[in-house]
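All remarks here apply to the structure that follows.
Remember, predicted model here, so these are calculated numbers, not experimental data.
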Amino acid sequence: MDKYGLIGYPLGHSFSINYFNQRFADEGINAKYMNFEIPTIDDLAEVLDSNPELKGLNVTIPYKQKVMEYLDSISPEARAIGAVNVIRVTHVGKEIKLKGFNSDVIGFTQSIEPMLEDCHKKALILGTGGASKAIDYGLRSLGLETVFVSRYRRPETICYEDITPEVIKEYNVIVNCTPLGMFPKTEECPNLPYEAMDEHTILYDLIYNPDETLFMKKGAERGANVKNGLEMLLLQAFASWEFWNGRE
């Protein structure tokens, strides 16, 4: 039986394990998806040694960047993004070869592209973690200018207090890559001038639990077009399967 899995730490609720095991059952695929909760990325070697049937892995927090030095090759896209969240495991004789990919950017761009209109030229990316790098790459590949937003002053970013109503009008695509608003802290949201939003504003939240975050709700009240991260997650899972099974 082929095995696939997820590495990260800690691993609580996992979309992937439920999605893939259900898909394997529905499609009669002789495979199993497992969670590998590893306290350090050095434990990757043990996961590989203990699971010779392993054909592919997903990678989540905090290893999307750290895992790159353990790989034999990395797709140009993942290298440009600076993060890997899919690994193809290939057995060549007694050797194990690992190739890294990034499915975040595929899932995100396919999900947000139908929302974009001619008026959408510039985007704010809330947060500077691993996922934000793929979002930045995806938005720029779609022709948008991007600016990162952080709680702290740092190079090439702005702070939340810098975001005026005028900035909201100019940067009318806003993607939340922070955990603000995620269950159970559903009363939280990024500190933005929501009153400046209108029907030309897009609010995209990578969070999918709850279905509608406070960030999305406050934008929708002003007429903004809003979307959560569930479709991105599904598209990302489709891309993972293709990478594991030979798509370059």
Side-chain angles (χ1 to χ4, degrees), residues 6-19 35-40 58-66 83 85 103-105 107-108 111-112 115 123-136 138-139 146-154 157-165 167-168 171-198 201-237:
L6 173 68
I7 59 169
Y9 189 85
L11 293 179
H13 167 76
S14 166
F15 166 85
S16 298
I17 192 169
N18 296 325
Y19 169 81
N35 281 349
F36 299 104
E37 190 172 65
I38 54 175
T40 167
N58 289 121
V59 185
T60 190
I61 295 168
Y63 301 134
K64 289 186 180 185
Q65 291 160 284
K66 293 177 184 176
N85 74 324
S103 66
D104 283 337
V105 67
F108 173 69
S111 181
I112 198 170
M115 303 174 73
L124 297 177
I125 301 171
L126 311 183
T128 55
S132 68
K133 294 175 173 59
I135 300 311
D136 177 52
L139 287 168
T146 59
V147 170
F148 286 100
V149 183
S150 172
R151 289 175 294 169
Y152 311 105
R153 296 252 169 233
R154 59 180 74 184
T157 67
I158 63 173
C159 288
Y160 285 92
E161 53 263 36
D162 299 328
I163 303 175
T164 61
V167 170
I168 292 290
Y171 290 81
N172 55 4
V173 177
I174 306 173
V175 184
N176 180 35
C177 301
T178 78
L180 282 173
M182 185 185 295
F183 182 84
K185 297 183 178 180
T186 56
E187 74 289 349
E188 296 181 351
C189 69
N191 183 23
L192 300 170
Y194 292 91
E195 68 279 3
M197 297 176 184
D198 57 27
T201 311
I202 291 175
L203 296 190
Y204 193 107
D205 203 329
L206 267 57
I207 293 168
Y208 58 93
N209 184 16
D211 291 338
E212 184 183 51
T213 59
L214 186 57
F215 166 73
M216 293 167 61
K217 185 176 181 180
K218 291 179 77 164
E221 287 171 352
R222 301 287 176 170
N225 193 4
V226 303
K227 196 171 201 176
N228 69 18
L230 184 58
E231 183 184 50
M232 172 183 166
L233 210 58
L234 289 166
L235 292 166
Q236 177 186 309

Who pairs with Glu37 by side-chain contact (heavy atoms from CB on, under 4.5 Å), at least two apart in sequence or on another chain? Tyr9, Pro10, Leu11

Between CG of Asn225 and CE of Met216, what distance do you get to the nearest 0.5 Å? 9.5 Å

Contact between Phe215 and Leu126 at the side-chain level, heavy atoms closer than 4.5 Å - yes or no? yes

I need the minimum non-hydrogen distance between Ser150 and Thr128, along with the two atoms involved. CB-CG2, 4.2 Å

Interatomic distance, OG1@Thr157 vs CG@Leu124, rounded to 0.5 Å, equals 11.5 Å

Could you list the donor-acceptor pairs under 3.5 angstrom formed by side chains in residues 186-193, with sequence neighbours left out?
none

How many angstroms lie between atom CG of Asp136 and atom CZ of Phe148, to the nearest 0.5 angstrom? 3.5 Å

Would you say OH of Tyr160 has more than 12 non-hydrogen atoms from neighbouring residues, nucleotides or ligands within 6.0 angstrom? yes

Straight-line distance of Tyr204 OH to Glu231 CD, nearest 0.5 Å: 6.0 Å

Closest heavy-atom contact between Ala131 and Leu206? CB-CD2, 3.9 Å

Just by distance, with hydrogens left out, do Thr178 and Arg151 show a side-chain donor and acceptor under 3.5 Å apart? no

Can you tell me how far the OG1 atom of Thr201 sits from the CG atom of Asp198, to the nearest 0.5 Å? 4.5 Å

For a 4.5 angstrom cut-off between non-hydrogen side-chain atoms, does Lys64 reach Lys133? no

Testing the basics here: between Leu139 and Ala123, what is the closest heavy-atom pair and its distance to 0.1 Å? CD1-CB, 3.7 Å

Indicate the atoms forming the closest heavy-atom contact of Ile125 with Cys177, along with that distance. CG2-SG, 3.8 Å

Can a donor-acceptor pair be found, under 3.5 Å and without considering hydrogens, that links the side chain of Asn58 to the backbone of Leu6? no

Here the pair of heavy atoms bringing Val226 nearest to Ala220 is CG1-N, 4.0 Å

Residues 205-216 vs side-chain hydrogen bond (donor to acceptor under 3.5 Å, both in side chains), sequence neighbours excluded, gives Asn176-Asp205, Asp205-Thr213

Contact check, side chains of Ile38 and Tyr63, non-hydrogen atoms, under 4.5 Å: yes

Go through the steps to decide whether Ile168 and Tyr194 satisfy the test side-chain contact (heavy atoms from CB on, under 4.5 Å), and finish with yes or no. CA-CA 8 Å; Ile168 292 290; Tyr194 292 91; over 6 Å; no

If only atom types and distance count, is the side chain of Lys227 paired as donor or acceptor with the main-chain N or O of Met115 below 3.5 Å? no

Quick one: CG on Asp104 to CG on Leu235, what's the gap to the nearest 0.5 Å? 11.5 Å

For Ser111 and Phe108, indicate whether the former's side chain and the latter's backbone hold a donor-acceptor pair under 3.5 Å. no

Does some side-chain heavy atom of Val149 sit less than 4.5 Å from a side-chain heavy atom of Ile174? no

Considering only heavy atoms from C-beta outward, does the side chain of Met232 approach that of Ile135 to under 4.5 Å? yes

